[in-house]
Amino acid sequence: MKISRGRKILILILMFILLLPAERVDATIGNVFIFAHSEDFFPGNSQTVNMYYRNFVNKGHGAMLAARPTALYGMQEYFKNAESFFVCCHGKNEGSVLLVDIVGTKEILFKPSDVPKSMDCKLAYLGACRSAQNNTGTGKNLCSTLVSNGYKTVIGYNTDVNHYLAAEFEDSFFDYLAQGYSVYTSINKTIDYFEDFDDDRYIEIINAVSKFGNLGLVIV
């Protein structure tokens, strides 16, 4: 049976598509920094995170403001698809699990084992208590797991923190980051700013901040 010229071309195109190595298109969402808030746990938090978001946008950078996912799949999609991601929610337990939602009497928790594999993302800032606290059994935490699974830089808290003090630290950090400073410089400028107040409360939040990965990274 003779194959027409048109069918030959179609077959060649299909073979090319099938044999060509698949390129991951889900690793990032353009050059967008996703800021996720959790109004249900922290009243007024949407306005706070909105400040971080607007600061980025006003300085000409791509950013998206979003509600914190209320399902593990949604959280996984944000971690996997955001080039950079900030989330504020409750952190529970040693070893750093994020409290994603409460359904009836059941808590939906995002654990290190729920972190997607083989990501290619820049910065994750986990604004949650104990997000950087090592589990005594595994020696790992959520922040280090994100770095192991592909994030370049991750920041979290190694203990319980005051939400409002954490918000002050984050606001200053993201302001410097939006100006084009590296993660390392943005953190240290924020620390210098807080140390000028000579207030033990600020020392507490400074000591709680933990950093992982490539701190020389410039996000924007």
Side-chain angles (χ1 to χ4, degrees), residues 28 31-39 41-42 44-66 68 78-79 82-91 96 98 121-133 141-147 151-220:
T28 61
N31 193 34
V32 172
F33 198 129
I34 295 180
F35 293 92
H37 61 78
S38 52
E39 186 72 15
F41 291 132
F42 299 113
N45 192 53
S46 59
Q47 289 91 339
T48 301
V49 179
N50 186 48
M51 286 193 304
Y52 309 161
Y53 158 75
R54 289 197 176 278
N55 198 16
F56 260 65
V57 172
N58 290 340
K59 287 182 170 60
H61 311 305
M64 183 176 83
L65 182 67
R68 174 188 47 75
Y78 272 170
F79 275 121
E83 182 174 83
S84 296
F85 181 46
F86 167 80
V87 61
C88 182
C89 61
H90 275 306
S96 328
L98 303 182
C121 308
K122 288 184 178 178
L123 168 69
Y125 195 126
L126 307 186
C129 293
R130 309 185 192 186
S131 53
Q133 185 181 72
N141 58 58
L142 196 52
C143 290
S144 61
T145 300
L146 280 166
V147 171
Y151 264 84
K152 304 296 185 297
T153 308
V154 182
I155 302 170
Y157 300 118
N158 56 44
T159 186
D160 293 336
V161 292
N162 179 290
H163 168 64
Y164 300 101
L165 290 177
E168 285 190 56
F169 189 95
E170 292 156 8
D171 186 35
S172 177
F173 169 80
F174 285 121
D175 182 61
Y176 286 120
L177 198 68
Q179 293 179 51
Y181 290 106
S182 68
V183 172
Y184 176 84
T185 301
S186 298
I187 288 176
N188 281 284
K189 280 183 172 291
T190 299
I191 289 174
D192 290 342
Y193 172 73
F194 277 9
E195 286 179 337
D196 287 341
F197 288 101
D198 193 24
D199 187 325
D200 288 343
R201 294 178 306 159
Y202 291 117
I203 299 302
E204 180 181 324
I205 191 69
I206 288 170
N207 291 336
V209 175
S210 289
K211 309 165 287 289
F212 301 81
N214 176 17
L215 301 182
L217 190 71
V218 175
I219 302 302
V220 294

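When reading the values below, keep in mind they use all heavy atoms of this one structure, side chains included, and skip hydrogens, waters and symmetry mates. Residue numbers run from 1 in the order of the sequence given.
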Mind listing the closest non-hydrogen atom pair of [X] and [Y] along with its distance?
| X | Y | result |
| --- | --- | --- |
| S131 | G156 | OG-CA, 3.3 Å |
| L217 | K152 | CD2-CB, 3.9 Å |
| L98 | A128 | CD2-CB, 3.6 Å |
| D199 | R201 | OD1-N, 2.9 Å |
| V49 | F35 | CG1-CB, 3.5 Å |
| F33 | F86 | CE2-N, 3.6 Å |

### Task
Using the side chain to side chain donor-acceptor pair (under 3.5 Å) rule, collect all pairs that involve residues 208-220, keeping only residues at least two apart or in two chains.
N158-S210
If we only count heavy atoms from C-beta on, is the [X] to [Y] side-chain gap below 4.5 Å?
| X | Y | answer |
| --- | --- | --- |
| F56 | L177 | yes |
| R130 | D160 | yes |
| S186 | V183 | no |
| V209 | T190 | no |
| Y157 | I205 | yes |
| I34 | M64 | yes |

Any chance you could measure [X], atom [atom1], to [Y], atom [atom2], to the nearest 0.5 Å?
| X | Y | atom1 | atom2 | answer |
| --- | --- | --- | --- | --- |
| N50 | N55 | CG | CG | 11.0 Å |
| H37 | T48 | NE2 | OG1 | 10.5 Å |
| C121 | L146 | SG | CG | 9.0 Å |
| Q179 | D175 | CD | CG | 5.0 Å |
| I203 | E195 | CD1 | CD | 5.5 Å |
| H163 | L165 | NE2 | CG | 10.5 Å |

### Message
A quick test of your reading: do over 12 heavy atoms of other residues, nucleotides or ligands sit less than 6.0 Å from CG of N58?
### Response
yes
### Message
Could you check whether atom OH of Y176 has more than 12 heavy atoms from other residues, nucleotides or ligands sitting under 6.0 Å from it?
### Response
yes
### Query
When you measure from the side chain of Y181 to the backbone N and O of F173, does any donor-acceptor pair fall under 3.5 Å?
no
### Flag for S144-N141: side-chain donor and acceptor within less than 3.5 Å
yes
#### Entry: ring-ring contact (aromatic ring centres under 6.0 Å, His included) evaluation trace for F79 with F85
CA-CA 7 Å; F79 275 121; F85 181 46; 5.0 Å; yes
#### Entry: Qualifying residue for side chain to side chain contact (heavy atoms under 4.5 Å, CB included) with F212, from T153, V147, I155
V147
### Task
If the plane angle is over 60° it's perpendicular, under 30° parallel, otherwise tilted; pick one for F197 and F194.
perpendicular
### Query
Using the ring of each side chain (for Trp, its six-membered ring), is Y125 parallel, tilted or perpendicular to F174, with breaks at 30° and 60°?
tilted
